[in-house]
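Contents: one structure, followed by commentary.
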Amino acid sequence: MGTMPLTPADIRNKKFHTVRLRPGYNEEDVDALLDRIEATLVALEGGPRKGPLLTADEIRNSRFRTTRMSPGYREDEVDDFLDLVVADLAGRGLGQPAPPPPLPPHPGRTGPAQPGRVHQGPQQPDLPPTGPPSPGPRMAPQDIREQRFATTRLTTGYNEQEVDEFLDRAEYTLDVLQQGRPERATLTSEEVERVQFATTRARPGYDPAQVDRFLDVLAEELRHYERS
């Protein structure tokens with residue numbers, strides 16, 4: 001199936017292993033995308049067309065809810081199969097690989113998925129300005145907690161768990177700094193500037209450019225307290 005064009009039956013009969021004790025992809029989300037892929041292939045083979053054809057770019061940018069302690073599809077198996085679909089549709093002229101999209105005005109963080117939340121470009125909260133330091137604090141702990149980062153799958157990304165754990169420390173640090181208790185801070189601006197995360201490829205990871213941009217803002221915010 002790697003060298004032959006995919007058929008609707010390939011999609012309809014595709015099975016993924018399920019996981020329960022580690023994160024997996026929500027089965028309904030994946031099945032819904034597979035239904036759309038199958039409908040696209042049916043139309044390409046001359047069958048009835050139901051709505052617009054799905055493109056390779058749409059599949060590349062698709063996001064699924066994640067499951068924990070409940071059945072979900074193995075993420076690596078889904079990702080590997082969708083890579084085949086992306087290549088197949090791109091080969092048929094339905095969307096060629098594109099460079100990463102430009103950074104949004106306000107980068108964000110996608111923490112662990114909550115029930116009912118699909119990773120589809122969530123609303124971006126306002127971020128503090130990136131210009132010269134202002135007289136008072138420009139960022140609140142809640143700003144860190146609510147950050148959303150775009151995720152990558154076909155390009156290198158930052159390990160999501162490492163980034164999330166680091167931002168948890170940053171949130172705690174900013175909270176104690178704003179309480180006037182700097183002795184309890186667990187991060188410095190220098191540590192923020194020097195942090196390095198493991199990278200992922202062919203698996204979801206946070207967009208490095210967006211993470212780095214936010215860390216620059218965070219480091220400047222911590223310097224505001226360190227200069228006080």
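No more than 12 heavy-atom neighbours from other residues, nucleotides or ligands sit within 6.0 angstrom of CD on Glu190. By the 6.0 Å contact criterion, CD on Gln161 is open, its count of non-hydrogen atoms from other residues, nucleotides or ligands being 12 or less. Within 6.0 Å of CD on Gln196 lie no more than 12 heavy atoms contributed by other residues, nucleotides or ligands.
To the nearest 0.5 angstrom, Glu28 atom CD is 6.5 Å from Arg65 atom CZ. Atoms CZ and CZ, on Phe81 and Arg74 in that order, are 15.5 Å from each other to the nearest 0.5 Å. With rounding to the nearest 0.5 angstrom, the CZ atom of Arg60 is 8.0 Å from the OG1 atom of Thr55. For the atom pair CG (Leu177) and CD (Glu183), the distance works out to 9.5 Å, reported to the nearest 0.5 Å. Atoms CG and CG, from Leu84 and Asp79 in turn, are 11.5 Å apart once rounded to the nearest 0.5 Å. Atom CZ in Arg169 sits 12.0 Å away from atom CD1 in Ile144 (nearest 0.5 Å).
The backbone N or O of Ala209 lies less than 3.5 Å from no partner atom in the side chain of Asp212, so there is not a single donor-acceptor pair. Checked by atom type and distance alone, the side chain of Glu77 pairs as donor or acceptor with a backbone atom of His17 at under 3.5 Å. Thr151 contributes no side-chain N or O that, together with a main-chain N or O of Pro204, makes up a donor-acceptor pair within less than 3.5 Å. When atom types are taken as modelled, the side chain of Thr173 and the backbone of Thr186 share a donor-acceptor pair closer than 3.5 angstrom. For the pair Arg92 (side chain) and Leu44 (backbone), a donor-acceptor distance under 3.5 Å is absent.
What you find for Ala219 and Glu193 is that their closest heavy atoms are CB-CG, 3.8 Å. Here the closest non-hydrogen pair linking Ala56 and Ala90 is CB-N, 4.0 Å. Of all non-hydrogen atoms in Glu160 and Gly205, the two that sit nearest each other are OE2-N, 3.7 Å. In this structure, Pro8 and Glu45 approach most closely via the heavy-atom pair CD-OE2, 3.2 Å. Contact between Arg36 and Glu58 at its shortest, heavy atoms only, is NH2-OE2, 3.6 Å.
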The test is side-chain contact (heavy atoms from CB on, under 4.5 Å); show your working for Thr66 and Glu75 and say whether it passes. CA-CA 9 Å; Thr66 55; Glu75 296 180 357; 3.8 Å; yes

Just do the side-chain contact (heavy atoms from CB on, under 4.5 Å) check on Leu187 and Tyr172 with the steps written out, would you? CA-CA 9 Å; Leu187 279 179; Tyr172 173 81; over 6 Å; no

Set out, in order, the CA-CA distance, both residues' side-chain angles and the distance that settles side-chain contact (heavy atoms from CB on, under 4.5 Å) for Thr199 and Tyr158, then state yes or no. CA-CA 5 Å; Thr199 56; Tyr158 283 155; 4.2 Å; yes

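In this structure the side chain of Ile37 never reaches within 4.5 angstrom of the side chain of Leu6, judged on heavy atoms. Counting only heavy atoms from C-beta outward, the side chains of Phe214 and Val192 never approach each other to under 4.5 Å. Residues Val85 and Leu34 form no side-chain contact, since every pair of their non-hydrogen atoms from C-beta on lies 4.5 Å or further apart. Using a 4.5 Å cut-off on side-chain heavy atoms (C-beta onward), Gln179 and Arg184 make no contact. In this structure the side chain of Leu89 reaches within 4.5 angstrom of the side chain of Leu41, judged on heavy atoms. With contacts defined as side-chain heavy-atom distances shorter than 4.5 Å, the pair Thr67/Tyr73 does not qualify.
In the hydrophobic cluster analysis, where Ile, Leu, Val, Met, Phe, Trp and Tyr join through side-chain heavy atoms closer than 4.5 angstrom, Leu54 is grouped together with Leu94. Both Val195 and Tyr225 belong to a common hydrophobic cluster when Ile, Leu, Val, Met, Phe, Trp and Tyr are linked at side-chain heavy-atom distances under 4.5 angstrom. Residues Val163 and Val217 share a single hydrophobic cluster, defined by chaining ILVMFWY side chains whose heavy atoms lie under 4.5 Å apart.
Between Tyr25 and Phe16, the distance from one ring center to the other does not fall under 6.0 angstrom.
Look at Arg223 and Glu220 and you find a salt bridge, because one of the NZ, NE, NH1 or NH2 atoms lies within 4.0 Å of a carboxylate O, short of that distance. Taking the charged nitrogens against the carboxylate oxygens, Glu38 and Lys14 have no contact shorter than 4.0 Å, which rules out a salt bridge.
Side-chain N/O atoms of Glu27 and Thr18 include no donor and acceptor closer than 3.5 Å.
Among Leu222, Leu215, Leu218, the single residue meeting the side-chain contact (heavy atoms from CB on, under 4.5 Å) criterion with Ser189 is Leu222.
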